[in-house]
Each structure stands twice: as C-alpha cells, then as structure tokens.
Number of protein chains: 2
Amino acid sequence: MATIKEIAKKVGVSPSTVSRVISDDARISEETKKKVRKIMEELKYHPNAIARSLVSKSTKTIGIIMPYSADQAFMNPFFSEALRGIAKCTYNQGYCLLITNGVTKKEQINSVYSLVMGRRVDGIILMYSKENDPVLKELQNMDIPFCMIGRPVDNKNITYVDNDNIEAAYKATEYLIEKGHKSIALLNGSMNLTVSADRYEGYKKALEENNLSLNDELIVSVEFLQEDGYKGMKKILNSKIKPSAVIATDDLMAYGAMRAIGEIGYKIPEDISIIGFNNIPLSEFLFPPLTSVDINTYQIGASAAQLLLENVKGEVRANRKIVDTKIIYRKSVCEYKKS
Amino acid sequence: MATIKEIAKKVGVSPSTVSRVISDDARISEETKKKVRKIMEELKYHPNAIARSLVSKSTKTIGIIMPYSADQAFMNPFFSEALRGIAKCTYNQGYCLLITNGVTKKEQINSVYSLVMGRRVDGIILMYSKENDPVLKELQNMDIPFCMIGRPVDNKNITYVDNDNIEAAYKATEYLIEKGHKSIALLNGSMNLTVSADRYEGYKKALEENNLSLNDELIVSVEFLQEDGYKGMKKILNSKIKPSAVIATDDLMAYGAMRAIGEIGYKIPEDISIIGFNNIPLSEFLFPPLTSVDINTYQIGASAAQLLLENVKGEVRANRKIVDTKIIYRKSVCEYKKS
DNA sequence: TTGTAAGCGTTATCAT
DNA sequence: ATGATAACGCTTACAA
C-alpha cells in the first residue's frame, strides 16, 4: 500500500510536494506534477482517508441515526425511501453515509457518541423526532451540525425537514367527512413522536370544526409496522362504536388494518373506508388500491441532506423546510352508506 | 473536545498511562485508573476513532456496495431487506455500515477505491454478482476481505452467499407445469447478473425435462423495477405466442407485470397465472395475493455479514453459504384451462 | 517552486 | 507501574 513518502522517495521530491500535487497546488510546476502523477499511477497510490481526516478534521461522511434498531426500522419503506433521497443528495456532493443504531436507549446514545465524539462524521441526520429524546439532547450539546426529519418539539434553532402534518391530517379527515363519514377511527403511531402528535391534532381539528365528537375508543396508537396495524385495527373493531372509516397514519399500518377488516368479513370500502399516509409505492397495487396521503418521502430525505450539507459547509441558508403533501385518491374510500 | 493529552496533563500522568487506562491495561494500578477515569468523565472524554484507526489500521466499519446507484437500488425492497439482515449482524459485533455508490461505472470504481484504498472500511459486502464486473476485479486485487451476495461467475475462492437459484427456478417452473401450463413466459432480470442466469437455467431445465419448447419470444430481460416489469410484460403480451403463465424473477417486476396484464383486460390467475421471486412482504396484500418464491433475503444479508466478519477477524470457517428457498403458495396461480 | 518540521490523537515499544 | 518516544499517513505553516 503506497504512501506519500514512498512516492516522494521514488520521484526524488519531498512528501509535501507530493501532497501538494494531490491537491493540485498552483505553486507546483507542471513538470514535477507530471512526474509525481506518473509514479502515483505506477504505484496505484490512493490517499489514506483516515490520515487525511485526522488532520483536516473532516471525514466527508454523514451519520444516519435510525429510530430504535435499523433492523426494525428498515421494515418500513419510509426509511429506505428517505434514505434514497439522502443518498442522492449526499453522493452528489461527495459524502458517504454511515449508518449505526442500537436497540436499547443506552446503545443508541453510545452509537451516537461513537459517531460524533469519535469524529467519524461531519454531520448527522436524525431520522425521527420525538419528545424528551435523550439522543437529541446529546446532539445539541455536542456542537455538530445535524438535521432532523420531523418537527422538533420546541423548535429553537433546530434544523429540520417536515410536512405540515396537522394540515395533512386535517385534509384527510375533511375528505372523509365530506364523503359523509361521521364515525372515523384514527390508527396512529406512538404519541411521543411529533409526527403522530401532529396528525392527531389535525384529525381532532377537523372533527371539532364539523361538530363531530372525538371518541377515545376509536383512537389507537401503535408502532409503524404492519403487524401493529393489524392488532390496532382489531382493537378498534372490538370497540362498541363501529367506525365507517379509518385513517391510518402509515400505509404499512393500513395494510395490517385492511387484513383485520377483511378477516371479520367486512368489505373495503363498502363497509369501512380507509385512507393511509406516506403513499408507499406499492399501495396502488393493493386490493383495493389504497387512498393515501403522499408526503413526498424522497424529497424529505433529499432536503434533509441538503440542509445538513449547507450547514456542514457553513453556507447556511434556511434551517427548516416544509415539504408538500397531497392526497392520492384511489379506491379504498367511498361515500358513507347507512347499513 | 478533550484529548488524551489533556486528560494526562490534568491528572498529572503521561498520555500513555491514559491510553492504558482506556484499554484497561492490567499493569496500571487501580488507584490511577480511578483518578484518570474521574477526569475523563468530567471532561466528557471520548476517544477519537479516526486517530485510533490510523494506528490500529482497523475502522470497525463494513462497506456496502450497491449495484448502480443506491438511489435506484433502494427502490427495490430486496436491498433494504438484505440490509436489515446485515445491520443486525454487524451491529451485534460492534461494526458500523458505510454505504457508497456511484451511477456510472467509473464513479462506482472510484467509490470502491475511496472505501478500500482510503482504508475507511475493514471489509466489503458486494450486494450483487455479475459477469465481467470491474468492481469485483478491483476488489480481488485489493487484498481486503469481502463477501458477495450472489454466486460468483467463477467461484475461485470468493466468499459468497446465495440461494440455489437454478433449483429455485426449476421448482417454480415445475409447479406451473404441474398445473397444466405449457406456454410459460420468463420475465427475467439482466442476464449478466448470475442470479438471472441461474434462474434462466432452472427454467430451461424444467421445460426441457418436460419436453416443452423454449421460446425466445416468451423470455424477456429487464431491470428489477416495477416499471420495467410492466414494459417487459407488455412486450411478452405483444408476441405471437400467448403465455398462460409467467415467472417473474422479482416480485417488484411481477407487480408491474400484473398491471400490464390487467390493462389488456386479462384476469389473474384465470387468464394468466403469475409467480414471483423474493417474496416482498407486501406481496401477500396484492390482488390477487402473489405466489412467490421466498429466498429468505434477510437471512442472505445476515449470513453475508457473518461470513465477512469471520473473514475480517481471521477466524474463517466457511467461505460460502447457500440459503434455502421456498415457494409461498397464494392466489396468483391456478390450473390451466383451455379458453 | 520546493523542502523542513510540526502536528492531528492515538497506540506500541522501549526504557526506567 | 509508569514515562518517553516513535510511529500511523497526511497537511500546512514557515523557511529557503
């Protein structure tokens, strides 16, 4: 494995000259540059990024922090889709992605430490936002650029990308109400996530504005997984009040819900209408094709990377970005019919 | 940002002593250990991984090389599922994941260089296997442990994890033949991928053993994407010979194919049966639920990481692992009926 | 235009 | 049980 020194010796110049050739320093004559480059090729020289990082204090890599374990998180296409956006943006600017995680809270904190304090990354993307997050607190103390996906609980100076989730849930609920539904269930994510809290807020607002009562039995909080959507929907179906429509704040949860609904012999949308969130690419292939709120996940990822990178490079423009949402109308919602 | 030197100064010992405390060296007295640890806590010391890597020549990170751009690759759940398995295994053993890519061939090679020659990773997982792959060639010259997902074209001493794809495709084809199908299309991936070549092989073998003719018009090679499955199926449907069944070597492609089939008014499985590969978790929710060959993607990822890590640590046991496959019978295949 | 030397934060090899 | 010193491979003042 060739080093700068070896190149230098072979060419008959000093190591610093070789270093300067690498950075194409204007002060080095074309002649020596040529000589040096020739030998570099011959010896298949490639700079040692680690050594370089040690002095430059930059690793040209961005750390990704998943909620709970990456093992579980990757089960939801939201994360791969967001990662696609992130990857696209970072690679264009010459950055790598370093992914770590940890199952327990302590492991999570530790992995953040090893990334940040270990100086392995130039910046961090936190893939979620929840209240009282110890990871976030550490990050704020650590003096490293970071960007969150999701609105911070108190957004003092935190760079983030999000949708207007209150508005999005409001519109989704309104849509159902317009279709004549009065008993609308909410299959939501964990309430300590700001995304869940916001969607609950929008749901509530729409109900209240339409003089519909908020019913606790119709509101359930589960993880963003298919299996949890199934269980959550079961619970709703076992309540005394029967909903004629349900809002799932994630398509994956909606899939589980659809299974639960089908199992008791109900038809979608005739017996129960359902609308999802996040518009997973496969939702259009379901039976029936799932109506879903598209939150532009790819764009969220790309914007998060963009904001972060500006931050890293010190060319801060904005410190937040709100990505548009749009209901994709398919076949899982219909007019309410009395039965 | 505290360093070993500062700790040393503050405690009144030498840097090497601090270093020894960190590695819990038996020769350091409990007393000094305590003193040093106290100051480390106070100053919130955390070792600089970069500096450490420079001398230890190990980064405790594994590089992931995607086929073409990660941007595109992440559109197929195969990769996130494999990554899940990889993540699980690597994190358990204290390794991070570094992902890079590049769209053009040259960019790809460059990113591999920057990972390997830049000494940023201790080992590599190549997420695909194709013939005449310049990336593979470089890797072999580079003297770094790596593991491939997919059988190498000539498997001289290359560590890899794969299914028995010939067998898997053979069984899938046999299944269709048993159901009475005689005109079976193959919607395959790019033929320079060994996975595609092997599945073609199994398909061919089953046809031949049953005295069914191989028909070029019924065989199409496209990318492992939904849109490409759609286009490929269109092409097949436009051929003179009408298939009564189709094998898609990836579920995502199958989704596209199903759309193409539906568009010309054919019903699945009555008019055309279809079987996919990879058993994407969502395939059971399609209409009709897609019969698919489950290749145990998560396990493939986990095994690849396991084999690689053994290699990295020098405790090599096996250098290949074949993961089981299994047909998951659902509703997209039925008996052939003359029409 | 090029060379010398210090330094990035560690670890490892000698000494003591 | 602890300290000095060199080394890892590179960059960057400062000299020349």
Side-chain angles (χ1 to χ4, degrees), chain A residues 1-37 39-40 43-61 113-122 144, chain B residues 1-37 39-40 43-61 113-122 142-144:
Chain A
M1 197 103 298
T3 70
I4 270 195
K5 281 186 197 168
E6 298 175 47
I7 307 285
K9 191 175 286 177
K10 195 142 190 183
V11 186
V13 295
S14 80
S16 36
T17 301
V18 177
S19 173
R20 288 181 182 117
V21 173
I22 291 167
S23 55
D24 202 18
D25 192 307
R27 298 172 305 184
I28 303 292
S29 73
E30 278 307 317
E31 201 184 355
T32 35
K33 276 187 185 172
K34 247 175 217 151
K35 273 193 285 182
V36 171
R37 287 192 180 124
I39 302 294
M40 290 200 318
L43 267 55
K44 292 184 193 295
Y45 171 79
H46 193 94
N48 181 319
I50 300 293
R52 196 176 255 191
S53 293
L54 188 58
V55 8
S56 71
K57 286 165 178 351
S58 156
T59 55
K60 288 280 189 178
T61 108
Y113 264 92
S114 100
L115 285 195
V116 180
M117 309 287 280
R119 302 278 121 182
R120 291 159 67 112
V121 297
D122 293 349
I144 186 167
Chain B
M1 198 102 297
T3 70
I4 272 194
K5 281 185 195 169
E6 298 175 44
I7 307 284
K9 192 175 287 176
K10 195 143 192 181
V11 185
V13 294
S14 80
S16 21
T17 302
V18 178
S19 175
R20 286 181 185 119
V21 173
I22 290 168
S23 55
D24 203 16
D25 193 306
R27 300 172 302 184
I28 302 291
S29 73
E30 278 307 318
E31 201 183 357
T32 35
K33 274 187 184 171
K34 248 176 217 149
K35 275 192 287 183
V36 171
R37 287 192 181 123
I39 303 295
M40 288 199 321
L43 268 56
K44 292 185 193 293
Y45 171 79
H46 192 95
N48 181 319
I50 299 294
R52 200 175 251 192
S53 293
L54 187 58
V55 11
S56 71
K57 286 166 180 346
S58 155
T59 55
K60 289 278 190 180
T61 109
Y113 263 92
S114 103
L115 286 194
V116 180
M117 308 288 279
R119 301 278 123 185
R120 293 159 67 114
V121 296
D122 294 347
M142 275 185 198
D143 177 44
I144 187 168

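Just so we're on the same page: letters track the sequence lines, and every chain starts at 1.
Contact annotation: B/Thr32 reaches the phosphate of D/dT2 (side-chain N/O to OP1 or OP2, under 4.0 Å). For B/Ser29, a side-chain nitrogen or oxygen approaches OP1 or OP2 of D/dT2 to under 4.0 Å. Between A/Ser19 and the phosphate of D/dT11, there is a side-chain N or O to OP1/OP2 separation shorter than 4.0 Å. Regarding contacts with the backbone of D/dG9, a side-chain N or O of B/Lys57 is found under 4.0 angstrom from either OP1 or OP2. Using a 4.0 Å cut-off, no side-chain N or O of A/Ser14 falls inside it from OP1 or OP2 of C/dT2.
If you measure from atom CD1 of A/Ile22 to atom P of D/dC10, you get 7 Å, rounded to the nearest angstrom. Rounded to an integer number of Å, the gap from A/Ile7 CD1 to D/dT11 P is 13 Å. For the pair B/Ile28 CD1 and D/dG3 C1', the computed distance is 10 Å after rounding to whole Å. Rounded to an integer number of Å, the gap from A/Lys35 NZ to C/dT1 P is 14 Å. With rounding to whole Å, B/Lys5 atom NZ is found 5 Å from C/dC8 atom P. D/dC8 atom C1' lies 9 Å from atom CG of A/Leu54, rounded to whole Å. Rounded to an integer number of Å, the gap from A/Ile4 CD1 to D/dT11 C1' is 8 Å. Counting to the nearest Å, the P atom of C/dG9 and the NE2 atom of B/His46 are 14 Å from each other.
With B/Val18 as reference, B/Ile7 is the one residue of B/Ile39, B/Ile7, B/Thr32 to meet the side chain to side chain contact (heavy atoms under 4.5 Å, CB included) rule.
Nucleic acid contact for A/Ser53: none, since no nucleic acid atom lies under 4.0 Å from a heavy atom of the residue. Using a 4.0 Å heavy-atom distance criterion, B/Thr3 is classed as a sugar-phosphate-only contact. Across all strands shown, B/Gly12 has heavy atoms under 4.0 Å from sugar-phosphate atoms exclusively, and none from any base. At the heavy-atom level, B/Pro47 lies under 4.0 Å from the strands shown only through sugar-phosphate atoms. Looking at heavy-atom distances under 4.0 Å, B/Arg27 makes contact with a base.
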Apply side chain to side chain contact (heavy atoms under 4.5 Å, CB included) to the pair B/Lys34 and B/Ser29, showing each step before the final yes or no. CA-CA 9 Å; B/Lys34 248 176 217 149; B/Ser29 73; over 6 Å; no
Derivation and outcome, side chain to side chain contact (heavy atoms under 4.5 Å, CB included), residues A/Ile22 and A/Met40: CA-CA 10 Å; A/Ile22 291 167; A/Met40 290 200 318; 4.1 Å; yes
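The closest donor-acceptor contact from the side chain of A/Thr59 to the backbone of A/Arg120 lies under 3.5 Å.
Donor-acceptor pairing under 3.5 Å, judged by distance alone, is present between the side chain of B/Ser16 and the base of D/dA4. Put simply, the side chain of B/Arg20 and the base of C/dT13 share a donor and an acceptor less than 3.5 Å apart.
The side-chain hydrogen bond (donor to acceptor under 3.5 Å, both in side chains) search around B/Asp143 returns none, not counting sequence neighbours.
Picking from D/dT11, C/dT11, C/dT2 the nucleotide with the shortest atom distance to the side chain of A/Arg52 gives D/dT11. Counting only heavy atoms from C-beta on, B/Asn48 has its side chain closest to C/dT10 among C/dT10, D/dG3, D/dC8. Considering only the side chain of B/Thr17, D/dT2 comes nearest among D/dG9, D/dT12, D/dT2.
Checked for salt-bridge contact, A/Asp25 and A/Lys33 miss the test: no charged N lies under 4.0 Å from a carboxylate O.
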